[in-house]
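In what follows, chains carry the letters A, B, and so on, assigned in the order in which the sequence lines appear, proteins first and then strands, with residues in each chain numbered from 1. Please read these numbers as outputs of a predicted model, since none were measured by experiment.
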Protein chains: 2
Amino acid sequence: MPDTNRPGPQHETTAIQVGVEVVVFTIRDDALHVLLAPAAAAWGLPNDTVRADETVDTTARRALADVAGSGDVWLEQLYTFGDVHRAPDSRIISVAHYALVSADVLTATGSDAARWWPVATLPLLVLDHRRIIDYALTRLRNKLAYTTVGFQLLPARFTLGDLQRVYEVIIGRDMDKRNFRRKVELLGIVKPTREQRVSGTGRPAQLYRFVAIEAPEAIGAPEPLMSTQPAVQLARISPVLRRRGRVIQITPGEGTR
Amino acid sequence: MPDTNRPGPQHETTAIQVGVEVVVFTIRDDALHVLLAPAAAAWGLPNDTVRADETVDTTARRALADVAGSGDVWLEQLYTFGDVHRAPDSRIISVAHYALVSADVLTATGSDAARWWPVATLPLLVLDHRRIIDYALTRLRNKLAYTTVGFQLLPARFTLGDLQRVYEVIIGRDMDKRNFRRKVELLGIVKPTREQRVSGTGRPAQLYRFVAIEAPEAIGAPEPLMSTQPAVQLARISPVLRRRGRVIQITPGEGTR
DNA sequence: GCAAAAGTGTTTTCATTACACCCATGA
DNA sequence: TCATGGGTGTAATGAAAACACTTTTGC
């Protein structure tokens with residue numbers, strides 16, 4: 001067994017570079033979108049190289065800030081892609097991340113020629129970026145079921161219709177309005193504000209804000225927060241927790257489910 | 001935005017090294033154990049450095065083989081720890097993995113002075129290895145709930161009592177025998193063999209083998225396979241899938257839940 | 001016969017699902 | 001007045017949970 005202190009390069013530590021990719025999701029026009037930048041006759045994810053004096057997380061936030069402005073954005077590590085032949089020439093190990101931004105942040109996308117693409121119709125992508133996006137999408141769908149990450153795709157104030165649309169768009173299935181609202185109510189994860197939104201047409205909608213919920217003591221397995229399985233559903237929360245008015249909260253960086 | 005092709009070192013790609021750690025779990029004496037090797041006046045996880053010409057996954061398997069022998073072992077990437085000051089001297093980014101081996105493989109641990117430690121009473125650990133183990137444990141607990149990874153901790157033939165013990169030991173809670181067995185039966189994930197096991201004392205137990213289940217088409221969110229939440233439970237599977245005789249199967253490498 | 005582990009059903013509870021109509025507003 | 005999205009309750013289903021006694025073996 002190699003020494004745990006790893007006293008410097010043993011084999012050829014030669015040419016391994018560590019990079020970071022970020023899959024930035026948002027919702028526009030009732031569809032899930034990903035941010036891409038033009039790259040080598042195709043499109044690619046925002047990325048950057050990890051510097052010797054910075055945390056991998058820092059690199060990810062920098063890559064993100066380059067294209068999506070700063071502000072505090074929800075970001076989580078996704079997976080490390082370490083195949084030898086990922087990049088044609090050099091050896092790059094890439095720590096992929098994914099981020100969720102709300103539709104109002106995205107307008108500040110400012111820099112570069114970066115563009116939002118609907119995940120349903122992606123352009124030709126560089127390297128293995130297609131695979132990374134697929135993976136991020138799977139993770140996002142899973143995570144939607146047992147955490148409250150979904151709110152990261154909404155602005156501070158939103159209607160219950162907005163919220164339901166987030167779920168429907170990502171899961172790809174329509175849900176029953178009454179069941180959805182009942183579950184949200186039951187979970188106690190939103191609070192009505194004093195405002196309403198008049199949307200040009202139709203009855204004005206109550207605006208809500210997200211309420212973080214107390215994390216339970218030491219719970220190993222997350223209980224599905226919003227069920228995403230069959231035909232209609234929404235959350236699924238253990239009766240025990242509900243009685244205590246709690247819900248499992250997954251700390252960012254919880255990795256693969 | 002940096003170019004997606006990353007034409008070689010841009011900043012100081014100087015001294016970043018990429019390593020791999022593996023948290024190897026097994027069950028001994030009705031307790032979850034982790035494999036550790038002596039390192040620098042403390043103990044450390046099996047590890048190695050990624051070579052320029054090998055996949056990260058390959059490095060992990062090599063580190064694993066060094067201490068636990070070869071054989072095909074269930075292994076999954078856990079998380080990449082990329083803090084600047086993880087290691088005192090050099091800059092090492094570490095791609096942590098975790099592996100599950102059955103109690104019979106572990107006797108072949110052979111090499112080195114590696115030892116099995118109960119997770120409940122770990123020794124002093126090197127670097128951030130304690131944190132990595134904690135993280136792996138959380139992941140294992142979560143994953144137990146909605147996949148069939150638990151079987152990786154058992155030999156090819158096992159009793160239902162063995163299986164239940166795996167769950168109880170990892171989740172840390174006793175379960176009801178009848179409910180457990182009913183759920184396992186319902187899921188159809190085990191098949192009885194022709195053999196029984198006489199264990200010295202008590203009635204002989206039927207031996208079963210694990211049966212992989214058909215993965216459903218394109219399911220995003222996993223349905224809890226074995227519930228791990230409240231006081232007794234076991235599985236929780238969607239009625240739809242159950243009727244079709246299917247269960248969600250998570251492909252290894254599914255990352256953070 | 002006794003200690004020890006294996007094996008086996010029923011009832012209650014509660015989350016999930018399915019389902020249809022009225023309300024408030026702008027044009 | 002009409003088109004559009006917002007808002008609301010109830011009944012059926014089925015998984016999860018609680019619970020105790022009999023069986024088979026070795027000593």
With side-chain hydrogen bond (donor to acceptor under 3.5 Å, both in side chains) as the test, would you mind laying out the steps for A:N142 and A:R139 before giving the verdict?
CA-CA 5 Å; A:N142 288 348; A:R139 177 90 131 251; over 6 Å; no
Taking the six-membered ring for Trp, is the centroid-to-centroid distance between B:Y98 and B:Y135 below 6.0 Å?
no
Quick check: A:Y167 with A:F180 (ring centres under 6.0 Å apart)?
yes
Strictly below 4.0 Å, N to O, side chains only: are B:R157 and B:E195 in salt-bridge contact?
yes
Distance check needed: [N] [atom2] versus [X] [atom1], whole Å only.
| X | N | atom1 | atom2 | result |
| --- | --- | --- | --- | --- |
| A:E168 | D:dG5 | CD | P | 13 Å |
| A:F158 | D:dG6 | CZ | C1' | 16 Å |
| A:L163 | D:dG7 | CG | C1' | 15 Å |
| B:D174 | D:dA18 | CG | C1' | 15 Å |

Are there over 12 heavy-atom neighbours, none belonging to A:E185, within less than 6.0 Å of that residue's CD?
no
If I take atom CG from residue A:L100 and atom CG from residue A:L140, how far apart are they, to the nearest 0.5 angstrom?
5.5 Å
What string of B, S and - do you get for nucleotides 2-11 of chain C, 5' to 3', when a contact is any protein heavy atom under 4.0 Å?
--BBBBBBB-
